[in-house]
Protein chains: 2
Amino acid sequence: MLSKRCKYALKAMVCLARVYKQGQLTIASIAEQENIPKKFLEQILLELKRVKLVNSKKGVAGGYYLIKDPNEVSVADLYRIFDGPIALTPCVSLNYYEPCDDCVDEETCYLRNQLIEIRDKTRKSMSEATLQRFIDND
Amino acid sequence: MLSKRCKYALKAMVCLARVYKQGQLTIASIAEQENIPKKFLEQILLELKRVKLVNSKKGVAGGYYLIKDPNEVSVADLYRIFDGPIALTPCVSLNYYEPCDDCVDEETCYLRNQLIEIRDKTRKSMSEATLQRFIDND
DNA sequence: TATAATATCTATCATTTTAGTAGTCTTTAG
DNA sequence: CTAAAGACTACTAAAATGATAGATATTATA
């Protein structure tokens with residue numbers, strides 16, 4: 001499941017993708033349109049800015065805008081930012097690798113092969129769900 | 001990511017699958033072999049018994065044994081028991097459906113189509129990872 | 001029949017994560 | 001100058017997670 005943060009981020013990003021290279025949206029307008037608590041969304045957009053997916057302009061007539069192409073941002077990207085590894089265990093994660101507490105020897109772990117298969121398929125399906133697709137296939 | 005509960009459950013189930021129709025294993029033996037806190041594993045096995053995937057015998061020479069065929073139990077089943085919906089939002093979950101707090105109209109939700117696609121692919125890959133496969137493809 | 005080995009049940013707990021809220025400060029167009 | 005925007009810092013309530021503790025019930029077997 002997506003956390004609320006991540007779902008809100010996805011919604012906000014799709015909103016911004018719709019006006020990609022055509023303007024900006026204020027936090028308040030996104031929050032209202034999408035039923036997201038404004039202060040919470042503020043934090044989320046700040047994080048999206050920190051990782052350079054969006055940028056913002058302060059002051060009157062300011063707002064947020066997407067800086068990456070909507071074809072280049074996917075659910076997988078947002079999931080990793082807000083919800084962490086896509087893999088089912090840290091030991092098979094490509095982006096967030098960590099050894100498992102309970103596993104003695106990774107090389108001989110009998111879970112590994114299947115978990116890697118699941119990881120690859122999940123990565124693929126989440127990567128294919130780009131912002132652009134959310135717009136096109138609406 | 002799998003919770004520890006779920007990962008421990010998976011490991012225990014694979015252990016039990018290896019001796020399917022050939023005997024039983026004690027909590028202690030599984031806990032020791034797999035580096036799982038015994039009391040925690042106890043709770044997990046109790047839950048697996050409650051949902052009728054395993055059964056147990058008390059007393060000396062007692063233990064747990066699988067009652068479903070190892071081809072009929074998958075990561076998807078265990079995920080649902082311990083970690084909940086496989087879908088990314090409750091509103092596209094087949095087994096745990098719930099409307100979303102923030103969505104006004106489900107029918108016109110622009111996230112829906114893509115989230116359903118992801119759900120179907122994830123369900124498939126997690127369902128294909130049966131206990132038997134963990135044994136065969138070890 | 002006593003006992004040791006096993007599962008079962010009920011309760012509790014510390015820590016972390018989640019989903020926010022509150023208040024103040026900074027920037028900027030007009 | 002000021003209103004409208006984002007930025008920053010801090011706090012918090014509730015739930016989930018990953019356990020631990022202790023007492024009870026059952027059963028094979030010596």
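In what follows, every chain begins at residue 1, and chains take the letters A, B, ... in the order their sequences are listed.
Proximity of B:Y64 to the phosphate of C:dT6: no side-chain N or O atom is located under 4.0 Å from OP1 or OP2.
Taking a heavy-atom distance under 4.0 Å as the criterion, the stretch of DNA chain D touched by chain B extends 5' to 3' from D:dG18 to D:dA28.
The nearest heavy atom of DNA chain D to B:V60 and to A:A28 marks one nucleotide each, and the one closer to the 5' end goes with A:A28.
Contact of the A:L25 side chain with the A:R18 side chain is not registered, since no non-hydrogen atoms from C-beta on lie closer than 4.5 Å. Side-chain contact between A:Y110 and B:C15: present, with at least one pair of heavy atoms (C-beta onward) separated by less than 4.5 Å. B:V73 is not listed as a side-chain neighbour of B:Q132, based on a closest heavy-atom distance of 4.5 Å or more. Using a 4.5 Å cut-off on side-chain heavy atoms (C-beta onward), B:S74 and A:Q114 make no contact. With a 4.5 Å cut-off on side-chain heavy atoms, A:F134 and A:V75 count as touching. Contact of the B:L88 side chain with the A:M1 side chain is not registered, since no non-hydrogen atoms from C-beta on lie closer than 4.5 Å.
Near DNA chain C, meaning a heavy atom under 4.0 Å away, the residues from residues 30-39 of chain A are A:P37, A:K39. Residues from residues 41-58 of chain A with heavy atoms under 4.0 angstrom of DNA chain C, sorted by number: A:Q43, A:K58.
Across every non-hydrogen atom of A:Y96 and A:G84, the tightest pair is CE1-C, 4.0 Å. Looking at every heavy atom in both residues, B:N71 comes nearest to B:T130 through O-CG2, 3.4 Å.
Note that CG of B:L16 and CG of B:L53 are 10.5 Å apart. Values are rounded to the nearest 0.5 Å.
A salt bridge between B:K68 and B:D77 is absent, with no side-chain N of the basic residue lying under 4.0 Å from a carboxylate O of the acidic one.
Among the protein residues, B:F82 comes within range of no part of the nucleic acid, since none of its heavy atoms lies under 4.0 Å from any strand.
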